[in-house]
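Heavy-atom basis, side chains included; hydrogens, waters and symmetry copies ignored. Just so we're on the same page: letters track the sequence lines, and every chain starts at 1. Bear in mind that the values here come from a model prediction, so they are computed numbers and not experimental data.
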Amino acid sequence: MWRVLLIAEREFKAYATTGSFWVSLLMGPMLMGLAALAMGAMRVEPASHVVSIRTERAEVADIVKGSLQEAAALSGQAVEFAPPDTTAGTQITIRNGRAEVTDGRVNKLEAALLRRDLYSIQLADQLAAAGLEPEPRSVPKAAKPAVTTSAKPGTNPVAQFAPVFLLWLTLIGALGMLLQSVVRERANRALEHLLAGARPAEIVFGKLLGVGAVSLLVLATWMIGSAALAATSLGSAPSMLAGLASPAAAAYAGAIYVMAFLLYGSALVCIGAFASDLPTAQNLSRPVFGLLLIIFFLAMGSVLGLGEQLAWLIWLPPFTPFMLLLSPEGALSPWQHAALWTLMGASTVAITAAASRTLIISPRPLWARKAA
Amino acid sequence: MTQAAPALQASHLAKRYAGGKGVGDVNLTVEQGTITGFIGVNGAGKSTTLRCILGLSEPDAGTIEIFGERATFRTRRSIGFLPEERGLAPRERARDVIAFHARLRGIPRAHAYERADALLARLGLGGREHTRIGELSKGNAQRVQILCALAHDPALLILDEPFSGLDPIAQAEVRALFAEYRGKGGSILFSTHAMAFAEELCDNVVILSQGRTVFEGPVSEAAIAGGRHGAYVVSPDDEAVLAAAHSVGGEAEAMTGSTMGAVRWRILLPANVTHPVLMRALAMRQVQIFEFRPIEQGLEAALWDHVLEERSVA
């Protein structure tokens, strides 16, 4: 075990003792802060607004409420209705089939929908005056927003996708570091020197641990930076990571990250050990990074309404960590959780074993092994 | 009194890579407290053999024993290894990298750093402990790499081309270090193309040709076994050189590379033909000679002998 830790310490120091690492590490929260400031500056007024409707006809008031609710649903805002005698908020008076905003304002969408529905009331009134029976008009219901099914109902899709994005981004960076670490030592034969003193599996785990620690440090810095931003109430960036706010949620996300890193990391060690130089390793690793790109877009699709169609992907180990992060609380039974973690664990063990074998130059197949 | 088990014994070792390269039947023994040279032309299979011994590559057949025990990860821990290509990270500091290799073999941290400092001082690098590898000269980086192999005070050293890249002073220091190590009871197996070093340092020698052991024994026997000697001749007169060599019963072979239209020839002579006889034969044919360098009877001649014999058998 101490050899694993020793190799991990060496890997960690290889990155952490460079000035450029610390500069880039601090750049992350700084950029996040700048982004939050920019978003704060561009922030629109609070989405919810209070409206009181004054009209002599109760059915017209219902129709107007329906129009405003429909507009609110479409624009992702909320609307509250106050009694007609309220003076606070926006006041809309309906007179002779026309809406008059006496205080406050309505946005363009609300105005358009009000105009549409008031026109249909006028039309119905004219038909009735002409002795014709208009078709019964139902009160407009709050329309469903164009984008509906997110895996976690009631949460902002951006906030829901943010942990997946963070995992993806950190994973990509860490995998790049890991690949370079293995290929560099394979190419200059330093790996042979290392193999003379440590078991292949110890080298694999040492590298995974060392580079994993570096990437966790990056991730933690980003998270702490985010928390600091939340404390200063700079903007909406912290709310994007609201899903990781509680210690339990952060620990769960951390466990998912560790498993994802082990799964993909051992695959990259395998590729790095197999390749003789960096160009070969880059070519061989392209499918893995391509897969990660596909996963990124599918995860995004899952947040943007394809959740149900893509739910089965959770059972494919490369997708499991990402889909677990998107999975709503309580959506999976404890048995399903256990099965998924077992599946991920088994896949990781299998790939790590393969990576350890690949470190040996020209290993013989396991079935042909004979002690020399 | 029972004889001590050899430090290293490989028997009928075979390892074939895809494409047919590798070794077919390698036998070698390194007795305790001795230095054994491992020689052969490029591609003979030296590095493959060393990799199999160290467990970096899995042999297809054969047995390897270290101090009388089957080679395992545990028994291999008594080996200090210097790979052929030097792979130290440029950002690592000299004492850190030596201490790392010592700690990897179980030496406690404090002791590992003490030993690193002592070894650096021993090879004239005292005061450079905190210098990064990338800031050291090539020769000094090579010394650090050799010290990495010695860091855990191994009972057996396996070194792949330890003298390459070293200046004459560093070579002398390393030779002295090896002699000191043997004096303390350590055993060394090293591969080299420097025949002079092998003759000077080694007790025994193993000659490898085309993946097979073709000679194993004391250096003195190898030198005697190399009964043929000869000379390197650089000349533009190809036909005259060939005729002169044949006239004295020798064999001339053109070597790669030429200078100003002249070809470098290696002429091997029968044991009873001396260099002056060859020179006379060349002079009689008015051969223009740019360089004449005798190949003395010894390891180099022995190597040529074995290699040519193998080629003729093949």
Could you tell me whether the side chain of A/K13 reaches within less than 4.5 Å of the side chain of B/F100, counting heavy atoms only? no
The interface call for B/L104 against chain A, heavy-atom contacts under 4.5 Å, is both
Stepwise side chain to side chain contact (heavy atoms under 4.5 Å, CB included) check, A/L195 with B/L54: CA-CA 8 Å; A/L195 275 165; B/L54 288 155; over 6 Å; no
Would you sort out whether A/E202 and B/F73 count as a side chain to side chain contact (heavy atoms under 4.5 Å, CB included), showing the intermediate values? CA-CA 12 Å; A/E202 290 170 336; B/F73 179 75; 4.2 Å; yes
Side chain, backbone, both or neither: which part of B/R77 has a non-hydrogen atom closer than 4.5 Å to chain A? side chain
Which bit of A/E9 comes within less than 4.5 Å of chain B, counting heavy atoms only: side chain, backbone, both or neither? side chain
With a 4.5 angstrom heavy-atom cut-off, which part of B/H152 approaches chain A: side chain, backbone, both or neither? neither
Is the number of heavy atoms from other residues, nucleotides or ligands within 6.0 Å of CZ (A/F205) greater than 12? no
Reported OG1-to-CG distance for the pair A/T17 and B/D96, which is rounded to 0.5 angstrom: 9.5 Å
Are B/E92 and A/R10 close enough for a salt bridge, meaning some N to O gap below 4.0 Å? yes
